[in-house]
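Everything quoted here is computed from the prediction, not taken from an experiment. Below, chain A is the first sequence line, B the second, and so on; all start at residue 1.
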Number of protein chains: 2
Amino acid sequence: MGRDRKFSITELYEHTQALLLEVGYEAFTFSLLAERLNVARGTIYKYFENKDELITAFMIYEMNQFMQKLEQIEEKGDFERQFTYLMEIIFERSEIQELINITKQVNTTNEKTAANQSYFKNMSINMYTCLQNFVQLGKQEGKLNPSLPDTMILGFIFQSVAIPNHFQLPREQWVQSIIQMVSNGIRT
Amino acid sequence: MGRDRKFSITELYEHTQALLLEVGYEAFTFSLLAERLNVARGTIYKYFENKDELITAFMIYEMNQFMQKLEQIEEKGDFERQFTYLMEIIFERSEIQELINITKQVNTTNEKTAANQSYFKNMSINMYTCLQNFVQLGKQEGKLNPSLPDTMILGFIFQSVAIPNHFQLPREQWVQSIIQMVSNGIRT
DNA sequence: CTCCAAAGTGACACATGTGTCAATTATTAA
DNA sequence: TTAATAATTGACACATGTGTCACTTTGGAG
């Protein structure tokens, strides 16, 4: 029983993402979010105690979405296919890197937030494990430079999507340039 | 005449930088800065009307420091020397990239801020021009991949210093890995 | 139709940041 | 020593965000 909800948690997460990318962590407020959802600010407190708890919960949701895609990487076969697939999903969810940076600003203001942060950290480790298999496959197949530390290779790949496209290159050219540079660098 | 100042503008900029990197744009307040400088908050208003004006002024100061180093690049001779020099000064001032990102959040709240932003934009263009000569030299000498757009090469180089060193690799190994990856990518 | 539980509302008390300005303090020229 | 001047201070009025909670609305079970 009880009346219908005016918004779903998924809707709430979608507006949370949009707002976080628009205004950043500090400027993100329940007032703003409530306005987007067309509800009173007080309503959101029925679901989350404060913005830190909300943001950490959102990041877990977001990371889950990404992990679901990422886990399919092993089914792709050899390194070349896995690499292509990885770049595809990274570009598809290119906001992840920026959101992770925003997450670093979150304060641990209550128990649930602490639990969320701990859970999120665990997910990140899983992600890196999943990807370290990918890197090791690349090294085994002789496709990746064995002298580079695994974590640097992964950091490099993820960081690359943050390269600004100030000069308005067409998206396809932007993507292809990045893949080219990640693969073979800027030199001839 | 008049009493001595309790702080220099340079000191103010140094604390501004430290605070911006610590807490980010939104959380940066005159209260915090005044505390660091051991003065009353009101004092800062004698020098800057608000935080946007202060931050844009600081960024111009910071960019000037960087440009002074950067302009020496042409004296370094051939592409190889210029490339080594560029990577050196980028790592030396690796906070620049992050500060530029923070600057994007600045609001245009008064005329001086608008003027500062406009001036800063102009400096950025000068910087890119200076660096485009470098990229073209590299292409002429046959050292840089001619199929990559100049702006993407530059974006790639600058972005690379933001690669996190979560796993605590020694700085030297971190730097060398990045230079290696920027130059030749992650592949063998 | 009535009742109840879930969902939603908005006002209240509090906290923190903003910009201003009259008053205070420190320095030095005369 | 004193007057002029510039730097600094801190209180005031205002704005915006926070967390709470008594009260209202809604919709289905009985």
Q: Verify whether one side chain among A/Thr108 and A/Gln117 offers a donor that lies under 3.5 Å from an acceptor in the other.
A: yes
Q: What nucleotide among C/dT9, C/dG8, C/dT27 has an atom nearest to a side-chain atom of A/Val39?
A: C/dT9
Q: Would you state whether a donor and an acceptor, one from the side chain of B/Arg3 and one from the base of C/dT25, lie under 3.5 Å apart?
A: yes
Q: Name the closest nucleotide to the B/Lys6 side chain, picking from C/dA6, D/dT9, C/dT9.
A: D/dT9
Q: Can you tell me if A/Tyr25 and A/Asn107 form a side-chain donor-acceptor pair at under 3.5 Å?
A: yes
Q: Rounded to whole angstrom units, what separation is found between the CG atom of A/Leu32 and the P atom of D/dA15?
A: 19 Å
Q: To the nearest Å, give me how far apart CZ (A/Phe28) and P (D/dT18) are.
A: 9 Å
Q: Rounded to the nearest 0.5 Å, how far does OG of B/Ser147 lie from NZ of B/Lys139?
A: 8.0 Å
Q: Which one, C/dG8, D/dT18, D/dA7, comes nearest to the side chain of B/Arg5?
A: D/dA7
Q: Among D/dA7, C/dT9, D/dG19, which is the nearest nucleotide to the side chain of A/Ala40?
A: C/dT9
Q: Nearest heavy atom decides the nucleotide; on that basis, is A/Arg41 or A/Tyr47 closer to the 5' end of DNA chain C?
A: A/Tyr47
Q: Can you figure out which of D/dT9, C/dG19, D/dT18 approaches the side chain of B/Asn50 most closely?
A: C/dG19
Q: Measure from CD on B/Glu35 to P on C/dT16 and round the result to the nearest Å.
A: 12 Å
Q: Atom CZ of A/Phe7 to atom C1' of C/dA6: distance rounded to whole Å?
A: 13 Å
Q: With nearest nucleotides of DNA chain C determined for B/Ala27 and A/Ile44 from heavy-atom distances, which residue corresponds to the more 5′ nucleotide?
A: A/Ile44
Q: Separation of B/Glu49 atom CD from C/dG17 atom P, in whole Å?
A: 21 Å
Q: Send over the distance from A/Asp4 CG to C/dA5 P, rounded to a whole Å.
A: 18 Å
Q: B/Thr43 side chain: which of D/dT9, C/dA7, D/dT18 is closest?
A: D/dT9
Q: Starting from P on D/dT18, measure out to CG on A/Asn107 and report it in whole angstrom.
A: 12 Å
Q: Using whole Å, report how far NZ of B/Lys51 lies from C1' of C/dG17.
A: 9 Å
Q: Determine whether B/Val161 and B/Ile178 make a side-chain contact, defined as any pair of heavy atoms from C-beta on separated by less than 4.5 Å.
A: no
Q: Do B/Asp52 and B/Thr109 have side-chain N/O donor and acceptor atoms under 3.5 Å apart?
A: yes
Q: Report the residue (A/Lys46 or A/Phe30) whose heavy-atom-nearest nucleotide on DNA chain D is the more 5′ of the two.
A: A/Phe30
